Student: 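Quick one: structure below, then a few questions.
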Amino acid sequence: MSELLHVLVGQLARLGLNYSFLLESHASGKLLDGALTTLWLCLWSIVGSLLVGVLLAAAVTSARRWLQWPARAFIEVTRNTPTLVQLYCAFLVLNMLINQSLGNANPMTPFAWVVLVISLHKGAFHAEALRAGIEAVPAVTLEAASSLAFSRRQQLFQVQLPLAVRFALPALVNNLIDLVKMTAVASAIAVNDITYASIMIWTQGDNVIELMILILAFYGLLSFAVNCAGRAVEARLRMPGYGN
Amino acid sequence: MPSEPLIQLRDVHLAFADNPVLRGIDLDVHKGQAVSIIGPSGSGKSTILRCLTGLLRPQLGSIRIGQTQVDQLRGEAELIALRKQVGFVFQQYNLFPHLSVLENLLIAPTKVLGRNRNEAREQALALLDKVRLGHKAAAFPGELSGGQQQRVAIARALAMRPELILFDEVTSALDPEMVGEVLAVIRELTEEGMTCVLVTHEMRFAEEISDQVYFTEHGRIVEHGSAAQIFGDPVHERTRTFLQHALGQGGQRPSRPAPDVYRNLGRYSLSV
Ligand SMILES: Nc1ncnc2c1ncn2[C@@H]1O[C@H](COP(=O)(O)OP(=O)(O)OP(=O)(O)O)[C@@H](O)[C@H]1O
Ligand SMILES: [Mg+2]
C-alpha cells in the first residue's frame with residue numbers, strides 16, 4: 001500500500017505536482033480524518049434531510065391548515081436564504097444562546113450543527129420534490145384503490161407514496177448530489193472536514209494546487225457514488241412501460 | 001321477476017354546487033341481471049355508478065344494495081364493507097402502474113380481505129386465464145395494450161369476489177379491435193350470472209346482453225324496459241332519436257349488418 005503511494009507520488013512529481021505531504025503521517029492523517037468526517041457529514045445529512053423532507057411534504061400536502069401553513073413558511077424561508085448564512089446564524093447565535101443557558105451541558109457540537117442545518121435546508125428542497133410527486137399521482141388511480149376497499153391509510157402507503165417517490169426520485173437524487181457538495185460549508189465553523197483539513201495543510205506549505213485537485217476529485221467521486229446509488233434505486237423502482 | 005331487487009334506487013338527487021346532475025333516479029337491478037344505462041354524454045350515467053359504490057353521496061333519495069343503505073353510510077369502515085361487495089371497472093383502467101399484473105390482482109384480496117397469499121395467487125392466476133392473459137402475469141400495466149389492461153382491471157375487480165360489478169364505459173378508450181376482446185369477457189360474466197350494471201355506448205352489445213336497459217337524459221330516467229322493448233320499440237321520441245344517432249342512419253342498421261345482427265333481428269323483430 002505505502003509502496004504504491006510512493007510510486008504514485010514519484011510519478012506525480014514528474015508532472016510537477018508535489019504530493020510528498022501524503023507521505024508524512026501528520027498531513028496524511030489529517031486529510032484522512034477530514035475525508036472520514038466529510039463522509040459522516042454526508043451520511044447523517046442524507047438521512048436527516050430525507051426525514052425532514054418527508055415530514056415537511058406530509059405537512060404541506062395535509063388538509064390541516066395549521067400544519068400546512070407553518071411548513072410552507074418554513075420551506076420558503078429556508079429555500080430563499082444561503083446555507084452558509086443559516087449555518088452562521090445557527091452556530092453563532094443559537095449555539096451561543098444554548099451555551100449561555102446550559103453551559104457545558106450543551107449537547108450540540110459544531111458537527112451536529114452542520115448536520116442539522118443541512119438537513120433542514122435540503123429537507124425543504126426534498127419536500128418540494130415530494131410534493132410534486134404526490135400531486136402527480138392521478139386522482140383516478142386513488143379512486144381505483146378506494147373502490148377496491150382500500151382504507152385511506154392503505155391508499156397512502158400502497159399507492160400514493162410508492163408512486164410519489166418514483167415521480168420525485170430524479171429530483172431527490174439531484175438534491176442529494178447537491179448536498180454532498182454543500183457539506184463543505186462545515187469548514188466555515190472549523191469542523192474538520194476534508195475542506196478544512198486541506199486549508200490547514202496548505203496554509204503551512206506550498207501545495208494549494210495539489211490539495212485542490214485532491215479535494216475536487218474527492219467530492220467528485222462522492223457525488224458520483226451518490227449518483228450511481230440513485231440510478232440503482234431508480235432502476236429498481238422502474239415502472240416498465242409507464243407513460244408510453 | 002324474483003322478489004327483492006339487489007340494487008334499489010329511489011328518487012335519487014345529486015347536485016354539484018348548483019348544477020343538478022341527478023334529478024330523481026329510480027332504478028332496480030335484480031340478482032344475476034345485466035342492466036345497461038345508456039344516454040347522451042353528461043346525462044349523469046357515471047354519477048349513478050359512483051353513487052352506487054359510495055364515491056359520491058346523493059343529497060336526496062335512497063340507495064340500497066343488498067342489506068346496505070348506501071346513502072346512510074357513515075365513516076370509512078362502512079364504506080369499505082360496501083366496496084368489498086361492489087366491483088368497479090373504469091373507463092381508463094386505472095391499474096396500479098408500479099405493480100405487476102399479478103400484484104395488481106393480489107393487492108386488494110391480501111391487504112384488504114386478508115386472504116392467504118398462496119390461495120389469492122392461485123385464484124389470481126385462474127382469473128388471468130379466464131380473461132385470456134395468463135401469459136402476462138409478470139408484465140407491468142404499461143407494457144400492455146389498452147384492451148389487455150382493461151381485461152386485467154376486470155380480473156382485478158373479480159379477484160375481490162364481489163356481489164356485483166359496475167362497468168363505466170369500459171370500452172370507450174379502446175381501439176375498435178380491442179373492444180371485442182373486452183366485451184367478450186363481460187358477456188361471459190353475464191352468462192355466468194354475475195350481476196352487472198353497465199354504462200356503455202356500445203348499443204349493439206347492450207342490446208345483446210342486457211336484461212334491462214335504462215335511458216337517461218338530464219339526470220332523469222326517460223324510459224326503461226327490456227332490451228327488446230327499448231331498442232325495438234322505444235316509447236319516447238327522445239329515446240328514438242338518441243338510438244337513431246347511436247345506431248347509425250335513420251334508426252336503421254348499417255346496410256350490411258354482421259350475421260349476428262340478422263339473428264338479433266329475428267329475436268327482437270326490429271323493423272329494418
Ligand atoms: N366532480 C364533479 N364536479 C362537478 N361537476 C361534475 C363532477 N362530475 C361530474 N360533473 C358534472 O355532472 C354531469 C354528469 O356527469 P357524468 O360524468 O355523470 O355524465 P355521463 O353521463 O357519465 O357522461 P359521459 O357519457 O360523457 O361519461 C356533467 O355535466 C358533469 O359536468
Ligand atoms: Mg361517464
Side-chain angles (χ1 to χ4, degrees), chain A residues 50 54 57-58 61-64 126 129-173 229-244, chain B residues 46 49-50 52-56 75-101 103-114 138-146 148-149 152-153 156-160 162 165-166 168 173:
Chain A
L50 288 172
V54 168
T61 55
S62 129
R64 300 192 185 102
H126 293 336
L130 285 169
R131 181 182 61 82
I134 288 169
E135 284 170 3
V137 177
V140 285
T141 307
L142 295 176
E143 207 163 68
S146 78
S147 79
L148 283 167
F150 282 47
S151 65
R152 241 332 268 154
R153 221 184 128 73
Q154 285 169 330
Q155 280 178 51
L156 182 68
F157 286 104
Q158 305 294 333
V159 182
Q160 198 168 16
L161 282 184
L163 287 175
V165 166
R166 283 168 170 84
F167 296 145
L169 204 53
L172 289 178
V173 172
R231 285 288 162 81
V233 176
E234 268 179 54
R236 229 190 111 73
L237 295 183
R238 205 170 67 88
M239 301 187 279
Y242 184 75
N244 296 340
Chain B
S46 301
L49 295 193
R50 293 155 66 81
L52 282 177
T53 187
L55 288 170
L56 289 173
E76 192 175 50
E78 292 184 2
L79 278 173
I80 286 174
L82 168 75
R83 288 170 186 159
K84 286 177 183 171
Q85 310 295 318
V86 182
F88 201 123
V89 185
F90 299 84
Q91 181 177 347
Q92 290 296 343
Y93 343 125
N94 299 348
L95 295 175
F96 303 128
H98 60 302
L99 301 178
S100 71
V101 164
E103 288 298 328
N104 262 280
L105 265 66
L106 285 181
I107 188 166
T110 55
K111 305 267 179 202
V112 175
L113 302 179
F140 279 76
E143 300 172 313
L144 303 182
S145 74
Q148 290 173 330
Q149 288 191 55
V152 173
R156 180 176 70 171
L158 287 172
M160 294 289 279
I165 304 197
L166 314 176
D168 191 358

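In what follows, chains are A, B, ... by sequence order, proteins preceding strands, each numbered from 1. None of these values were measured; they are calculated from a predicted model.
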Student: Under 4.5 Å heavy-atom distance to chain A, tell me which part of B/Val86 shows up: side chain, backbone, both or neither.
Tutor: backbone
Student: Please name the pair of heavy atoms, one in A/Ser146 and one in B/Arg83, separated by the smallest distance, quoted to 0.1 Å.
Tutor: O-CD, 2.9 Å
Student: With chain B as the partner chain, list the residues of residues 159-168 of chain A whose heavy atoms fall under 4.5 Å from it, by residue number, and write 'none' if nothing qualifies.
Tutor: A/Val159, A/Pro162, A/Leu163, A/Arg166
Student: For A/Gln158, which atoms come within 4.5 Å of any heavy atom of chain B: side chain, backbone, both, or neither?
Tutor: both
Student: For the OG atom of A/Ser151 and the CG atom of B/Leu79, what is their distance to the nearest 0.5 Å?
Tutor: 12.0 Å
Student: Return each pair, listed once, that meets salt bridge (Lys or Arg N to Asp or Glu O under 4.0 Å) where at least one residue sits in residues 230-242 of chain A; pairs must be two or more places apart or across chains.
Tutor: none
Student: Within a radius of less than 6.0 Å around NZ of B/Lys84, do more than 12 heavy atoms belonging to other residues, nucleotides or ligands occur?
Tutor: yes
Student: For B/Leu95, is it the side chain, the backbone, both or neither that has a heavy atom under 4.5 Å from a heavy atom of chain A?
Tutor: backbone
Student: Need one label for B/Glu143: side chain, backbone, both or neither, based on atoms under 4.5 Å from any heavy atom in chain A.
Tutor: both
Student: Once rounded to the nearest 0.5 Å, what's the spacing between atom CE of B/Met160 and atom CG of A/Leu148?
Tutor: 6.0 Å
Student: Considering only residues two or more places apart or on different chains, which pairs with a residue in residues 146-162 of chain A satisfy salt bridge (Lys or Arg N to Asp or Glu O under 4.0 Å)?
Tutor: none
Student: Considering heavy atoms only, which positions within residues 138-145 of chain A lie below 4.5 Å of chain B?
Tutor: A/Val140, A/Thr141, A/Glu143, A/Ala144, A/Ala145
Student: With a 4.5 angstrom heavy-atom cut-off, could you sort out which part of B/Arg156 is near chain A: side chain, backbone, both or neither?
Tutor: both
